[in-house]
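Take a look at the structure set out below.
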Amino acid sequence: MPESTPVAVHHQIPMHNVEDWMYEDFQIGDKRRSIARTISEGEAMMFNAMVLDMHPYVADQPFAESDGNFGKRLVAGAQVFSYGLGLMANNNVHTFSYGYDELRFIKPVFIGDTIYTIRTHLSKRPKCESMGLVVVSYEIFKTSGDGVSGDLVLYAEHLQTVKYRDPSQWTDQIEK
């Protein structure tokens, strides 16, 4: 095995976990489900510390048990949002986040809960000379423990710009 390989040769190797679909490939109605993941106490506290969220509902077990509405500590909504989107991250080299709409924290998520995400392609429209706008929904569920059913805990819509394969096809439809 050679001690060093030129970078140009490495660029010929396909990257792992990367997509390269274009605006024209986006199919409205397409649905995907993520794997599930359980949120541990350690990572919940680490997230709280990183974002300086030490609210008693997420950081103080005695408070949550005695004075809280749920009898136990919550996972921060921002963490559930981040994990839910991360579970569906597609790493498309042609898309760029434009923002989020309709973000709603519907039900509480607790330390030890297991979540998964369903992504649905909602809409698309030409936006500018080189990119269109696509909208996907993220529905984040927590499992009930029976492995079959789950409760919707968070909903958000992600707006993304995505490059056209053939920009000339969309020039008369872009936003003014």
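Quick note: residue numbers are just sequence positions, from 1.
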Check your understanding: With a 4.5 Å heavy-atom cut-off, do Met131 and Val162 have their side chains touching?
Key -> no

Check your understanding: For Asn48 and Ala76, which heavy atoms make the closest approach, and how far apart are they?
Key -> OD1-CB, 3.9 Å

Review point. Taking the side chain as C-beta and beyond, is there a heavy-atom pair between Arg165 and Asp25 under 4.5 Å?
Key: yes

**Study point:** Side chains of Arg37 and Ile35 in contact at under 4.5 Å (non-hydrogen atoms)
**Key:** no

**Study point:** Expected output: side-chain Asp53 to main-chain His55 donor-acceptor under 3.5 Å
**Key:** yes

**Study point:** Heavy-atom neighbours of Tyr98 OH exceed 12 at 6.0 Å
**Key:** no

Check your understanding: Hey, does the Lys NZ or Arg CZ of Lys72 hover above the aromatic six-ring of Phe110, less than 6.0 Å from the centre and inside 45° of the axis?
Key -> yes

Practice item. Would you check if the side chain of Lys124 reaches a backbone N or O of Gly132 as a donor-acceptor pair within less than 3.5 Å? Key: no

Practice item. Please name the pair of heavy atoms, one in Gly112 and one in Thr38, separated by the smallest distance, quoted to 0.1 Å. Key: O-CG2, 3.3 Å

**Study point:** Donor-acceptor contact below 3.5 Å, side chain Glu43 vs main chain Ser40
**Key:** yes

Review point. Could you give the distance from CD1 (Ile140) to CD1 (Ile115), rounded to the nearest 0.5 Å?
Key: 6.0 Å

Review point. Hey, are the side chains of Asp166 and Glu24 touching, using non-hydrogen atoms and a 4.5 Å cut-off?
Key: yes

Revision key, fill the gap. Smallest heavy-atom separation, Val75 atom then Val58 atom, equals C-CG1, 4.3 Å

Exercise for review: Please assess Asn69 against Tyr57 for the test side-chain contact (heavy atoms from CB on, under 4.5 Å), listing each intermediate value before the final yes or no.
Suggested key: CA-CA 9 Å; Asn69 287 343; Tyr57 274 99; 3.6 Å; yes

Check your understanding: Among Asp113, Leu154, Thr114, whose side chain to side chain contact (heavy atoms under 4.5 Å, CB included) with Lys142 holds?
Key -> Asp113

**Study point:** OH-NE2 distance between Tyr23 and His94, expressed to the nearest 0.5 angstrom
**Key:** 15.5 Å

**Study point:** Pairwise side-chain contact, Met45 with Arg73, heavy-atom cut-off 4.5 Å (strictly under)
**Key:** yes

Review point. If you look at every heavy atom in Ser97 and His158, which pair is closest and at what distance?
Key: OG-NE2, 2.8 Å

**Study point:** Flag if over 12 foreign heavy atoms under 6.0 Å of CE, Met46
**Key:** no

Point to revise | Ser137 versus Tyr155, closest heavy-atom pair with distance | key: CB-OH, 3.4 Å

Exercise for review: Report the distance from atom OH of Tyr100 to atom CG of Leu85, rounding to the nearest 0.5 Å.
Suggested key: 4.5 Å

**Study point:** Pairwise side-chain contact, Leu159 with Leu133, heavy-atom cut-off 4.5 Å (strictly under)
**Key:** yes

**Study point:** Inter-residue atom distance Met88.CE - Thr120.OG1, 0.5 Å rounding
**Key:** 9.0 Å

**Study point:** Student check: side-chain heavy atoms of Glu129 and Tyr164 closer than 4.5 Å
**Key:** no

Check your understanding: Judged by modelled atom types alone, do Gln27 and Trp21 share a side-chain donor-acceptor pair under 3.5 Å?
Key -> no

Review point. Which heavy atom in Cys128 sits nearest to a heavy atom in Ile174, and how many Å separate them?
Key: O-CG2, 3.1 Å

**Study point:** Test item: Val136 and Phe26 side chains (from C-beta on) under 4.5 Å apart, heavy atoms
**Key:** yes

